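One structure is given below, encoded as structure tokens.
Please read all numbers here as calculations on a predicted model, not as lab measurements. First the proteins, then the strands, lettered A, B, ... as listed; each starts at 1.
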Protein chains: 2
Amino acid sequence: MTAGQGSGGERKYQRIANELKAAITAGEYQPGDRLPGENELMTTYQVARMTARQALSVLQSEGIAEARKGAGVFVRTFRPLRRRGIQRLAQSQWGAGHSVWSTDLDEDRELIVDSVSVTEKEAPSHIADVLGLRRGDRVCSRSRRFVLDGKPVLLSTSHLSASLVAGSAITQEDSGAGGVYARLAELGHAPARFREEIRSRMPSATEAQELRLPSGTPVFLVCRTAFTEDGTAVEVNEMVLDAGSYILEYEFGA
Amino acid sequence: MTAGQGSGGERKYQRIANELKAAITAGEYQPGDRLPGENELMTTYQVARMTARQALSVLQSEGIAEARKGAGVFVRTFRPLRRRGIQRLAQSQWGAGHSVWSTDLDEDRELIVDSVSVTEKEAPSHIADVLGLRRGDRVCSRSRRFVLDGKPVLLSTSHLSASLVAGSAITQEDSGAGGVYARLAELGHAPARFREEIRSRMPSATEAQELRLPSGTPVFLVCRTAFTEDGTAVEVNEMVLDAGSYILEYEFGA
DNA sequence: TAGTGGTCTAGACCACGAA
DNA sequence: TCGTGGTCTAGACCACTAA
């Protein structure tokens, strides 16, 4: 046979991929172990380079394996953070000066803010709509990147009306104890209700680079809107999360 | 040049992919439109088949485009459902005989249960742990597939202790008005609290087939646990969602 | 330096969809 | 029937990593 797939048979690359997956499931390859490379698969299965490649790409696109250029293809480890969407925003926490992120920390794992930037610009239209701003009104945008065990896992950009927060610590890189929500409370705009909307898709090339995502890893897009008691939206926080690094959790009553 | 990438330059396939993306963003190709095929890209960019292919595969793996064998590569449409995780489980709804899914329906879009199967088997260990069952105890598992506009979007498997629900309508394919939660309430095990845990990853080949997912579409894994007032877990529902068809939404107070 | 994965070429046969 | 994407071959040069 020179090409094409036999009508009754499993695809060659699929068969190779399945055998590798089975070996991983059986524990023959542990997380972090190196899998057989392209050359080895070519000889053991007697296939062309591109076919061996495609077999390995199946594992990568399912998030099971990760290629490192010049080194090999390795079984990925999966050790996600648990992000509690509701308890973490309870008043008792930010009101008392805790970081909103402290509950994200499993024992001994450090989630660190890698870079912060605060800018003021004209409000993007989809943000202006939610915050009830007029055309041309300006927003204060706080962008942060969070790093876990040396790997970036979360990009967060928080948008607030520039006129609302002018002069407060919110416009500083260090927003102070309790963070932005404590400052909003001091300004008389304490958040009372939150809405989080979650999507998931494959990352753009830019996002994949910023989060150092191996191919086959989707991202969560979490958009949180904070409302005051009277129902006014005061903050919109757009987040991009490495989906392989997070479990999102919500608890609520019936 | 015969092969390899010029050290300073953008990859060929990446450049082609970027131009296609720009054209889509600019509106030259609308959702549902057919993109230039492999043959057309080969001639217009003077590249080999595999290179044109790889350019198109970039768009597919980012979920921007979708290949249909024998027809072409098309710009994908994105029109997700909004799944409200909290309001939809309020007592007022299932208590009154509404389907839990009714709030998922945007006007004029029909979410239909495609297939139902109810089985009884020994509890998988991760389910037994949560439900507090002993080794060898049995569970009643209700599996359903939901279809929107002819496309499957959600696979749901609900696990309950077999001894707890024996003889009730829960063991029937039609669980009756108000669904499983109304029946649990009648049995004296009304759910009072819920926990939903969300992950996202690329689908396995099986999941991709069952949900008819184009490549480049991740899935949500939503695991909901229902607790009674005294904190006993009475139901574990494992769901697999087409991430391109859903926005998950949670609203809660500070 | 040897071996790895990343990109690229120039061919081929196949199953499928639309006309 | 004809064009499409899906699979496959057998070569090639490159950048990167680890020994």
Is there a side-chain polar atom (N or O) of A/Asn39 under 4.0 Å from OP1 or OP2 of C/dT4?
yes

Taking ring pair (Phe, Tyr, Trp, His ring centres under 6.0 Å) as the definition, give me every residue that meets it alongside B/Tyr13, ordered by chain and number, with sequence neighbours left out.
none

Give the table of side-chain donor-acceptor pairs shorter than 3.5 Å for residues 209-222 of chain B, with sequence neighbours excluded, one pair per line with atom names and distance.
from     : atom 1 : to       : atom 2 : distance (Å)
B/Thr217 : OG1    : B/Arg76  : NH1    : 2.7
B/Thr217 : OG1    : B/Arg76  : NH2    : 3.2
B/Thr217 : OG1    : B/Pro214 : O      : 3.2

I'd like to know if the side chain of A/Arg34 and the backbone of A/Ala71 have a donor-acceptor N/O pair within less than 3.5 Å.
yes

Non-neighbouring partners of A/Asp129 that pass salt bridge (charged side-chain N to carboxylate O under 4.0 Å, His left out), sequence neighbours left out:
none

So, with a heavy-atom separation below 4.0 Å from DNA chain C, the residues of residues 40-53 of chain A are A/Arg49, A/Met50, A/Arg53

Applying side-chain hydrogen bond (donor to acceptor under 3.5 Å, both in side chains), can you list everything that pairs with B/Ser141, at least two apart in sequence or on another chain?
B/Lys121, B/His159

For side chain to side chain contact (heavy atoms under 4.5 Å, CB included), just list the numbers for B/Tyr246 and B/Leu154, CA-CA rounded to whole Å, side-chain angles, deciding distance to a tenth of an Å, and then say yes or no.
CA-CA 9 Å; B/Tyr246 275 101; B/Leu154 165 61; 3.9 Å; yes

Please report, rounded to the nearest Å, how far the C1' atom of C/dT7 is from the CZ atom of B/Arg11.
8 Å

In whole angstroms, the gap separating C1' of D/dC16 from NZ of A/Lys69 amounts to 6 Å

At under 4.0 Å, does any side-chain N or O of A/Lys12 touch on OP1 or OP2 of D/dT9?
yes

Note the angle between the end axes of the helix from C/dT1-D/dA18 to C/dA18-D/dT1, five pairs defining each, rounded to 10 degrees.
10°

Give every donor-acceptor pair under 3.5 Å between a side-chain atom in residues 39-49 of chain B and any protein atom, sequence neighbours left out.
from    : atom 1 : to      : atom 2 : distance (Å)
B/Thr43 : OG1    : B/Glu40 : O      : 3.0
B/Thr44 : OG1    : B/Glu40 : O      : 3.2
B/Tyr45 : OH     : B/Glu19 : OE1    : 2.7
B/Gln46 : NE2    : B/Thr43 : O      : 3.1
B/Arg49 : NH1    : B/Glu38 : OE1    : 3.1
B/Arg49 : NH2    : B/Glu38 : OE1    : 2.8

In residues 54-64 of chain B, which ones come under 4.0 Å of DNA chain C, going by heavy atoms?
B/Gln54

Starting at atom CD of A/Glu66, determine the distance to atom P of C/dG5, rounded to an integer number of angstrom.
13 Å

Going by side-chain hydrogen bond (donor to acceptor under 3.5 Å, both in side chains), name the residues that satisfy it together with B/Asp33, two or more places apart in sequence or in a different chain.
none

When you check the phosphate oxygens OP1 and OP2 of D/dC8, does a side-chain N or O of A/Tyr13 lie under 4.0 Å from one of them?
no

Taking side-chain hydrogen bond (donor to acceptor under 3.5 Å, both in side chains) as the test, write out the residues that go with B/Arg199, two or more places apart.
none

For A/Glu249, check salt bridge (charged side-chain N to carboxylate O under 4.0 Å, His left out) against everything at least two apart and list the hits.
A/Arg82, A/Arg84

Let me know the distance between CD of B/Glu38 and C1' of C/dG17, rounded to the nearest Å.
15 Å

What pairs with A/Glu62 under side-chain hydrogen bond (donor to acceptor under 3.5 Å, both in side chains), at least two apart in sequence or on another chain?
A/Lys21

